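These numbers come from the heavy atoms of this one structure, side chains and all, not from hydrogens, waters or symmetry mates. A quick note: this is a predicted structure, and the numbers were derived from the prediction, not measured.
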Amino acid sequence: MAPAHQFINALNAGDSKTAAAAHQSSVAIIDEFAPYHWNTFDAWLRSFEASNKKYKVTDARLTLSAPTTSMVDDTFAYEVVPSTINGRMDGKPLVEKGIFTFAMVKTAGGWRIASWAWAKQ
């Protein structure tokens with residue numbers, strides 16, 4: 001779970017460089033805003049920021065709960081993680097519950113996120 005925590009903690013801190021470093025350079029991402037799929041973290045981040053601006057989302061913070069599914073071997077990991085987004089949308093409180101599903105791979109540089117998906121509950 002170290003790369004997932006690195007990604008979320010850095011994103012919450014506004015540190016996109018550290019958040020990006022948790023991912024492989026080519027990564028599969030699925031999320032709830034257009035265009036709904038990306039193959040680099042930087043492309044996803046641009047869309048995430050644009051979506052937040054469009055819908056007036058501010059002060060967003062993500063929290064990961066304990067994984068409900070965790071399958072790890074020497075090279076690969078699969079984690080299903082209930083999560084919560086708290087923030088403000090157009091000045092009003094926003095709470096969104098969902099699930100992150102992460103696939104991770106152990107590289108020469110350590111564990112990295114190979115893909116992830118977010119699904120609202």
Have a look at Pro3 and tell me which of Ile113, Val105, Ile8 forms a side chain to side chain contact (heavy atoms under 4.5 Å, CB included) with it.
Ile113

Quick check against the 3.5 Å criterion: does Arg112 have a side-chain atom that pairs as donor or acceptor with the backbone of Ala21?
yes

Do Pro82 and Thr68 come close enough that some side-chain heavy atom pair is under 4.5 Å?
yes

Could you tell me the separation between the CZ atom of Phe102 and the CG atom of Leu64, rounded to the nearest 0.5 Å?
5.5 Å

Quick one: pull up CZ in Arg88 and CG in Asn52 and give me the separation to the nearest 0.5 Å.
14.5 Å

Could you see if Met1 belongs to whatever hydrophobic cluster contains Trp118? Use Ile, Leu, Val, Met, Phe, Trp, Tyr and a side-chain cutoff under 4.5 Å.
yes

Please report the interatomic distance CZ(Arg46) to OG(Ser51), rounded to the nearest 0.5 Å.
14.5 Å

For residues Asn12 and Ala60, report the shortest heavy-atom separation together with the two atoms involved.
OD1-O, 4.2 Å

Nearest 0.5 angstrom please: Glu96 CD to Met89 CE, how far?
7.5 Å

Taken to the nearest 0.5 Å, the spacing of Thr84 OG1 from Lys97 NZ works out to 3.5 Å

Applying side-chain hydrogen bond (donor to acceptor under 3.5 Å, both in side chains), can you list everything that pairs with Glu79, at least two apart in sequence or on another chain?
Ser70

Side-chain donor/acceptor of Asp90 to backbone N/O of Val57, under 3.5 Å
no

Any donor-acceptor pair under 3.5 Å from Asp31 side chain to Phe33 backbone:
no

Using the six-membered ring wherever Trp is involved, compare the ring planes of Phe48 and Trp44 and label them parallel, tilted or perpendicular (cut-offs 30° and 60°).
parallel

Nearest non-hydrogen partners of Val72 and Ala77, listed with the distance
CG2-CB, 3.9 Å

Phe76 CZ: over 12 foreign heavy atoms closer than 6.0 Å
no

ILVMFWY cluster membership beyond Tyr78 - transitive side-chain contacts under 4.5 angstrom
Met71, Val80, Ile99

Between Ala10 and Ala19 the two heavy atoms that sit nearest each other are CB-N, 3.4 Å

Angle class for the Phe7/Phe100 ring planes (parallel below 30°, perpendicular above 60°, tilted otherwise)?
perpendicular

Side chain to side chain donor-acceptor pair (under 3.5 Å) between Trp38 and Ser47, intermediate numbers included
CA-CA 9 Å; Trp38 301 264; Ser47 295; 3.0 Å; yes

Would Leu11 and Ile30 show up in the same hydrophobic cluster when neighbours are defined by side-chain heavy atoms closer than 4.5 Å?
no

Give, for atom NZ of Lys120 and atom CD of Glu32, the distance between the pair rounded to the nearest 0.5 Å.
4.5 Å

Do Ser83 and Leu62 have side-chain heavy atoms sitting under 4.5 Å apart?
no

Run the numbers on His23 and Trp116 for side chain to side chain contact (heavy atoms under 4.5 Å, CB included), then give the verdict.
CA-CA 10 Å; His23 297 76; Trp116 62 262; 3.1 Å; yes

